[in-house]
Engineer: 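The structure under discussion is supplied below as structure tokens; questions concerning it will follow.
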Amino acid sequence: MSKFYITTTLPYVNGKPHIGFALEAVQADVIARFERLRGKDVIFNIGTDEHGAKIYEKAKEEGITPQEYCDRMSKPFRALRETLDIHFTNFIRTTDEFHVRAAQEFWKRCADRGDIYKKNYRMKYCVGCELEKTDSDLVDGRCPEHPNRDLETVEEENYFFRFSHYRAALLRLYENDPKFVVPEKRLNEIVAFVDRGLHDFSVSRLAQKMPWGIPVPGDEAHVMYVWFDALVNYISTLGWPEDMDSFEKFWPGIQIAGKDNLRQQSAMWQAMLLSAGIEPSRKILIHGHVMSAGQKMSKSLGNVVSPDELIETFGIDGTRYLLLSAAPFGEDMDITKERMIEKYNADLANGLGNLVSRVMKLAEGMEEKYVPHVREFPNEFVSSFESYRLTEALDFVWSLVRRANKNIEETKPWELKKTDYESFERVLQELLFDIETIAFLLGPFLPHTSEKIFSFFSSEGGRSVLFERIR
RNA sequence: CGCGGGGUGGAGCAGUCCGGCAGCUCGCCUGGCUCAUAACCAGGAGGUCGCAGGUUCAAAUCCUGCCCCCGCAACCA
């Protein structure tokens, strides 16, 4: 059986799953389900990134161990399996023992290659927080928590990764596979970035200041910087390096990430793989960001929409649909409550739900039972999927809905039932076939709805409203 | 001269790579239907495709310049 591997990025466990990650998980899930439905052996990995200063600090604040904190914070991510029907096969935590071992082995390989070296690293440091601050942490050049204190510049000796050595190799990778990064504009962006020249990046922190990380092999004074450790999950989840048999079956795989992650996934991680002597990823899919009324969601703007809120209003499949259909793959999407309700009502309630409802009602009077077929995905649908045009695949389904509605209007089965019973049966068989096709094609997108429609075909399956209209 | 994205009927978007009658959803108007979730079907009004030049038989699409909006700016996981 052919193998397929897809993985999301690992969200950092400093909060509940936000809408951006929900989008990523749903997109990955749709692709994974599609591949599974067409018969592939699929590994679909998600998980949580659990090391680093932020987590260490939060745990300290709460008076619990970092591990306890992570155990708790990781749960809602694992629960996405139920809350959004994300059928991952692997859920990795960067605190998993096997991952820790893998990260250390990976480090050794890069070190053996001569790509890891020590150098002084200068950082901005807030004495109030006793923490390193990056530029994006700062507001007006000051720590938002302690705006009255000046930031100090602290130097410490860190290990660095020779990213700069991989410029040519990365450019070659992009050139050899122009679809390595999808969409194309993101490939262009990364090519331009790498072409400008690369700076080595720091891959460790002093354990004395920040102990919550994977120990650097052979140097207890340092822990790996979270980045380095977290990226390794994409291969450790497959068993690397301990179960090479499993690893080799599934690697390389497809990685999906937000546009904020373009560099890390398509350049830094690829350079790390090259350094460790491992084949690069198969493909990097870069999705857009979820905006709210034209603006980036942020806590300070108070325009954050949580997945929970959406699920409460639109249900699991409704939420999946709205996230998937809000923009073509790779583009930013703008969500507002009004427009979501509009889309939900138009496509799911009035479109799909109503069609199924009217056909099922008409079919009640049939003497001959409809026998479901074994279905295959049409070429057009498959090709939309293979180029990750998920909204196009959905449009294909909606065109079937429109066609069926039109067909009903033209043939008027409710009249045929009285005047020409034979034709009535024939028309209904056709319509039921359409419904079955629609349900099948929606399988990757709206798994629960798809199953529900299928259940209507079975003798004991009662009918129910698929999507209640929202006022 | 930092990088990238965008500006298309009232609203939200596709189409731009590979030029060829401007498309979709919502809303609005008219008609039809009554099997269905106040749904569904047909027809219609509404657009200088940001601005100005250029190339071409032909430009939303290619080239040049300009204006406006939005992200990112490397170790943020």
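Every chain is numbered from 1 and lettered A, B, ... according to where its sequence line falls, protein lines coming before strand lines. Quick note: numbers below take in every heavy atom, side chains included, and nothing from hydrogens, waters or symmetry partners.
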Engineer: Could you encode protein contacts along nucleotides 13-18 of chain B as a string, one character per nucleotide from 5' to 3', using B for base contact, S for sugar-phosphate-only contact and - for no contact, with a heavy-atom cut-off of under 4.0 Å?
Structural biologist: -S--B-

Engineer: Sort out for me which residue in F314(A), W398(A), Y344(A), F467(A) forms a ring pair (Phe, Tyr, Trp, His ring centres under 6.0 Å) with Y321(A).
Structural biologist: W398(A)

Engineer: Between K412(A) and E415(A), is the closest basic N to carboxylate O distance under 4.0 Å?
Structural biologist: no

Engineer: Report, one pair per line, the protein and nucleotides 27-32 of chain B atoms (nitrogen or oxygen only) whose separation is under 3.5 Å.
Structural biologist:
{"residue": "G32(B)", "atom": "N2", "partner": "E409(A)", "partner atom": "OE2", "Å": "3.0"}

Engineer: Represent RNA chain B in dot-bracket notation, 5' to 3'. Only Watson-Crick or G-U wobble pairs with both distances under 3.5 Å count; pseudoknot-style crossings use [ ] and interstrand partners use |.
Structural biologist: .(((((((.[[[[.)....(..]]]].(((((.......))))).....[[[[[..)....]]]]])))))).....

Engineer: Under 4.0 Å from OP1 or OP2 of A42(B): is there any side-chain N or O of K406(A) that close?
Structural biologist: yes

Engineer: Round to the nearest Å and state the distance from R186(A) atom CZ to C72(B) atom C1'.
Structural biologist: 9 Å

Engineer: Does K185(A) pair with E189(A) as a salt bridge, N-O distance under 4.0 Å?
Structural biologist: no

Engineer: Is there ring stacking between W414(A) and C35(B), where the centres must be under 5.5 angstrom apart and the planes under 30 degrees?
Structural biologist: yes

Engineer: Pick base, sugar-phosphate or nothing for L466(A), based on heavy-atom distances below 4.0 Å to the nucleic acid.
Structural biologist: base

Engineer: What contact category does L355(A) fall into here, base, sugar-phosphate, or nothing, at under 4.0 angstrom with non-hydrogen atoms?
Structural biologist: nothing

Engineer: If you define the side chain from C-beta out and look only at heavy atoms, does anything of Q67(A) sit under 4.5 Å from W212(A)?
Structural biologist: yes

Engineer: Just to be sure I understand the rule, does G197(A) reach a base, reach only the sugar-phosphate, or reach nothing, if contact means heavy atoms closer than 4.0 Å?
Structural biologist: base

Engineer: Calculate the interatomic distance between R358(A) atom CZ and C33(B) atom C1'; express it in whole Å.
Structural biologist: 9 Å

Engineer: For D229(A), is there any backbone N or O sitting under 3.5 Å from a side-chain donor or acceptor partner on H99(A)?
Structural biologist: yes

